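Encoded as structure tokens, the structure appears first; notes follow it.
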Amino acid sequence: MFLKKNEINLCSLFKNVYRIHLRKYSNKEVSGRMRVLNVAEKNDAAKNIAGHLSGGNLQRREGFSKFNKIYEFNHTFQGLPSTMIMTSVSGHLLGYEFQGSYRSWTSCSPLELFHIPVVKECPNDFINIKKTLVREVRSCNVLVIWTDADREGENIGFEIIDVCREVNPRIQVYRAILSEITRPSVQRAISSLGPPNKNISDAVDVRSELDLRIGAAFTRYQTMRLQKVFPEVLAKSLISYGSCQFPTLGFVVERYKDIQNFIPENFWKIKVHHKIENLDVEFSWQRVRLFDEVLCNVLYERCQENPSALVLTVTKKPKSKWRPVPLDTIELEKAASRKLGINAKETMKIAEKLYSQGFISYPRTETNIFPKELNLSNLVQLHVQDNNWGDFAQSILNNGPTPRQGKKSDQAHPPIHPTKYTHVLQDRERKVYEYVVRHFLACLSKDAEGEETIVKIEINGEKFIANGLRIIALNYLEVYPYDKWSNKQIHNYNQGQSFMPTGLEMVDGQTSPPNLLTEADLISLMDKHGIGTDATHAEHIETIKSRLYVGLENNKYFVPGELGIGLVEGYDNMGFEMSKPHLRAELEADLKKICEGTKSPLVVLREQIAKYKDVFIKTTEQVEKLDQSLGKYLRTQPVAFQNNAQHESMTVKNIRKCPVCKQTNLVLKKKQNNQGFFITCTGFPTCRNTYWLPPSVISAQVSDNVCFQCSGGIKLVKFQFNARSMRPHYPDTYEGCINGCDSTLCEILQVNMSRPSSSSSSTLPSNRNVVTTNQNSRTRENNVRLPTNNLSRPGSSQNTRPLNNDQVCCQCGNAAKLLTVTRETANKGRQFYGCPKPISATDRCTFFLWADDQPMPTAGPPNTQFNNRNYYQNNNGQINNPYRARAVNNQSNSGGQRKCGHCKQTGHTRRNCPQN
DNA sequence: GCAAGGTC
């Protein structure tokens, strides 16, 4: 329940009327106060926002997660006195994963990873955070999202919304936008709440899903193949592919190859020296250098003919060395790598520790502009006490801080700066802290000032230049030893004067290749090409090091490893620029269009998947190029490996499409104790269709032969039975079709594919043929529909009756009865299906299904089904997925014996209880 | 055993 502001004002005049009004529409707020759940992206933000909103008058209590506290305080929300509950998540609450058995690398062909369902689920680490949200939101009327004002923040916001709406579907949702966490910003944000932006969130979902599908498909494929092709070298290697790690590797390989392919060129140039006493001033040639020796020699000889130098001009002008801009993550990483000798990954680890101890501000920021509200003088004051930089800090206070401003703002975090003084840190922590402090003081100080002298001379028509520098004031350099700027002396020259050089020489040289990339260079390239984020650059670099794609030369320069260069060259030879940055850039452009609402996320997903799937298939077709390239660099002969649809040959063999879910395949598997076999759907646990083979089967193997009687390429299975355990005259070894055409075999095995599954062993679970939707997860499929039709056919093994598509059937196999809730509850009038047998009947099953939760028709792509009542549009214009709402009906799997917490009956939960 | 993105 939420009231418009003018409505609230009116109500405030008639408090009694308002209270009635409030109670009428909200059963959450019995006390007459609004309860508002506020959720930030991290605990630190929640704490600070709560502090600003409450003016410090708040109570802290524990949530289920020890890292994410709950802050409670009173506040006037939209004109109403309200109880504010502020808590947080820790970044993403949910993440995409493959379901169930698909997490096994051999469960399916890697090609299938482009299409099989993925679910957005809460990792175990974050279950406690989710539990806190679920508990708190039950008693609230309003949810305010305070996550970071960036793309990921918007997506995290929707993850919070999804979790909260699951238990409180009527909650009103608002988005607060903060540019920084200061009191004015927080106040401004809460008084200008808007709706969350689904477009932005969708873009992140698309990116996440693509990263998983593409990354996993290529990683599994190339790992499994190359381990077999190079068993001596790569048997235990994980050969990953990722949309960020591969371009990062590509940069290293490209620079290495540039150097390898570099052809030096000879050049020649003329130098002039003028030495008086100990000062030797060198004049450089205005032509810089010539690549023609004869021509250079002609000009040199001309100078020699009349070597007297005439001073053409003497220019003196002020020269500044600019103080640094406020520190962002990338600059910290680069500076630490270059100047402190600490690599980016280690730097971020140290910075995070310093942040968690309160010594520095949040170290993952793209902002290099100090917000106006930040009291810089107070922060500088903290450092006046220091022996090394205290005097400098005092001088800043005396003159007033003059921050140099950069041009970037992530609208979320301020530049990295010290927040507390300490002098007790040791080693690398001290180095990083000192760097942050000195950088902070430096950028609040003044540019270094100097005077530059430029002298131009002419010798018989050829012009030369020399520079001098006189430093007037070091200013920021006094506190910032990481920058160098030194005086460069020059003689006093006057325009029009002539002098005789003490040296005139022609020197030769060779052009030299560029240097190998340092870590700072690599980070700059990643930043320039949009590979990764400021928070992840260091991780991608670490990944390609740990996978042995690259190594370090002299502990400083990146060189590709044999594996890394072999992979890049292999894909290049196929014509796929997998290691080039523009693939990611193209996706980024599409993501931007999704954010702007000019391109549909489904279209982007479909296009990108089609593109990468095509590359994947073509890769498998010419994968020998990868073998050859790697063989060359690994100096190992590739082991012959069949090239016929490799992505399939390295996985388990499919027997046929699962007759229940009709999406994934039936495969043959050994039981965990290795004693006996079963045939199961690879969609487990989404699809639980399983056929247990009798103990008399001592060996089973899917054959390459297909059944010539059945259509659809059903694979035969080769069985070995216990000797003489079969019928008289039945062979102990037999290859046959289990699809139904071989009735004797199916009878022996008690397998009947015309039914969802059959129980062939009395000692094993038989009723597993139920498709479920994980209650903690949201399922997303590409091109295929999540199997749901079994809900209308909870179909125990006894259910042999053919059912039409529209019929709802209970667990006994009977047509379910349509009933209506008659009790005076929130669900009064709502229809549901139940078992048609009398309540007193002992064999009555526990089937329960809301009529408006019925599965959709099975035809047509999912995005064409928006007219179905199960797809509904919420207040924020988002399309909600009905599958999640239906998940609670799935207790019918595995016996469904959990009791409702309300009526104590089985077959439904408290939330769906018809007696509500 | 897989990605990249948050965060602790």
Side-chain angles (χ1 to χ4, degrees), chain A residues 40-47 65-69 88-98 102-108 110 112-114 116 118 120 122-123 125-126 128-129 147-148 150-160 201 203-224 226-227 234-248 329 348-349 351-357 362-365 410 412-413 526 530-544 546-547 578 583-584 587-588 591 608 612:
Chain A
E41 191 163 319
K42 48 194 159 285
N43 181 64
D44 187 58
K47 184 173 77 180
S65 156
K66 64 178 177 178
F67 300 112
N68 303 82
K69 309 295 181 192
S88 58
V89 289
S90 289
H92 280 289
L93 185 59
L94 310 173
Y96 279 118
E97 293 290 347
F98 296 117
Y102 282 117
R103 292 178 195 185
S104 156
W105 281 37
T106 52
S107 64
C108 65
E112 289 186 52
L113 299 179
F114 286 103
I116 58 170
V118 289
K120 218 174 182 196
C122 183
D125 294 359
F126 295 138
N128 281 337
I129 296 175
T147 48
D148 294 354
D150 55 23
R151 219 185 253 180
E152 297 295 329
E154 207 65 29
N155 188 258
I156 293 166
F158 273 90
E159 290 169 1
I160 297 163
S201 174
V204 175
D205 277 342
V206 168
R207 195 265 310 146
S208 313
E209 187 177 336
L210 287 171
D211 283 340
L212 174 64
R213 289 188 188 279
I214 299 164
F218 278 94
T219 299
R220 287 187 190 182
Y221 174 67
Q222 63 187 26
T223 299
M224 290 193 288
L226 295 172
Q227 282 181 349
L234 301 177
K236 292 184 178 167
S237 300
L238 174 63
I239 306 161
S240 59
Y241 169 82
S243 54
C244 288
Q245 53 178 265
F246 246 51
T248 307
T329 304
M348 290 313 293
K349 202 171 153 190
E352 277 155 20
K353 189 171 175 193
L354 293 174
Y355 164 68
S356 66
Q357 293 170 333
Y362 187 64
R364 282 192 283 259
T365 174
D410 60 16
H413 309 284
M526 294 169 79
I531 303 300
T533 67
D534 57 312
T536 60
H537 290 145
E539 286 173 29
H540 298 313
I541 294 171
E542 200 61 25
T543 299
I544 60 172
S546 69
R547 302 276 145 86
M578 301 287 276
L583 285 175
R584 188 74 184 178
L587 172 62
E588 189 56 36
L591 296 181
Q608 291 281 334
Y612 277 94

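Naming: A, B, ... by sequence-line order, numbering from 1 per chain. All of these numbers come straight from a predicted model, not from anything done at the bench.
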Query raised in the report: So what does A:Q222 touch, heavy atoms closer than 4.0 Å: a base, only the sugar-phosphate, or nothing?
Result: nothing

**Report entry** Start and end of chain A contact along DNA chain B [non-hydrogen atoms, under 4.0 Å]
**Finding:** B:dG1 to B:dC8

Query raised in the report: Using a cut-off of 4.0 Å on non-hydrogen atoms, how would the nucleic acid contact of A:T223 be classed: base, sugar-phosphate, or nothing?
Result: base

**Report entry** Partners passing side-chain contact (heavy atoms from CB on, under 4.5 Å) against A:K47 (at least two apart in sequence or in another chain)
**Finding:** A:D44, A:Y71

Query raised in the report: Contact class for A:I129 (heavy atom, under 4.0 Å): base, sugar-phosphate, or nothing?
Result: base

Query raised in the report: For residues A:R584 and A:S243, is any side-chain donor paired with an opposing acceptor at under 3.5 Å?
Result: yes

**Report entry** Sugar-phosphate only, base, or nothing, as touched by A:S90 at under 4.0 Å among non-hydrogen atoms
**Finding:** base

Requested in this report: Have a look at A:E352 and say if it touches a base, only the backbone sugar-phosphate, or nothing, with a 4.0 Å heavy-atom cut-off.
Outcome: nothing

Query raised in the report: Which is true for A:F126 with a 4.0 Å heavy-atom rule: it touches a base, it touches only sugar-phosphate, or it touches nothing?
Result: base

Query raised in the report: Can we say A:R207 and A:E152 salt-bridge, meaning some charged N sits less than 4.0 Å from an Asp/Glu carboxylate O?
Result: yes

Report summary line: Ranking A:R584 and A:A235 by the position along DNA chain B of their nearest nucleotide, the one closer to 5' is A:A235

Requested in this report: Report which part of the nucleic acid A:E154 touches: base, sugar-phosphate, or nothing (heavy-atom distance under 4.0 Å, all strands).
Outcome: nothing

Requested in this report: Give one of base, sugar-phosphate or nothing for A:R207, where a contact means two heavy atoms less than 4.0 Å apart.
Outcome: base

Requested in this report: Verify the neighbour count for atom NZ of A:K69: are there more than 12 heavy atoms of other residues, nucleotides or ligands below 6.0 Å?
Outcome: yes

Query raised in the report: Are A:K120 and A:E209 within salt-bridge range, i.e. N to O under 4.0 Å?
Result: no

Report task. Identify whether any heavy atom of A:G532 sits under 4.0 Å from a base atom; if not, whether one sits that close to sugar-phosphate; answer base, sugar-phosphate or nothing. Result -> sugar-phosphate

Requested in this report: For A:F246, answer base if it contacts any base atom (sugar-phosphate contacts may also be present), sugar-phosphate if it contacts only those atoms, and nothing otherwise; contact means non-hydrogen atoms under 4.0 Å.
Outcome: nothing

Requested in this report: Just call it for A:S208: base, sugar-phosphate, or nothing, with non-hydrogen atoms closer than 4.0 Å on any strand.
Outcome: base

Requested in this report: Hey, can you tell me if A:F114 and A:F218 have their rings parallel, tilted or perpendicular (30° and 60° cut-offs)?
Outcome: perpendicular

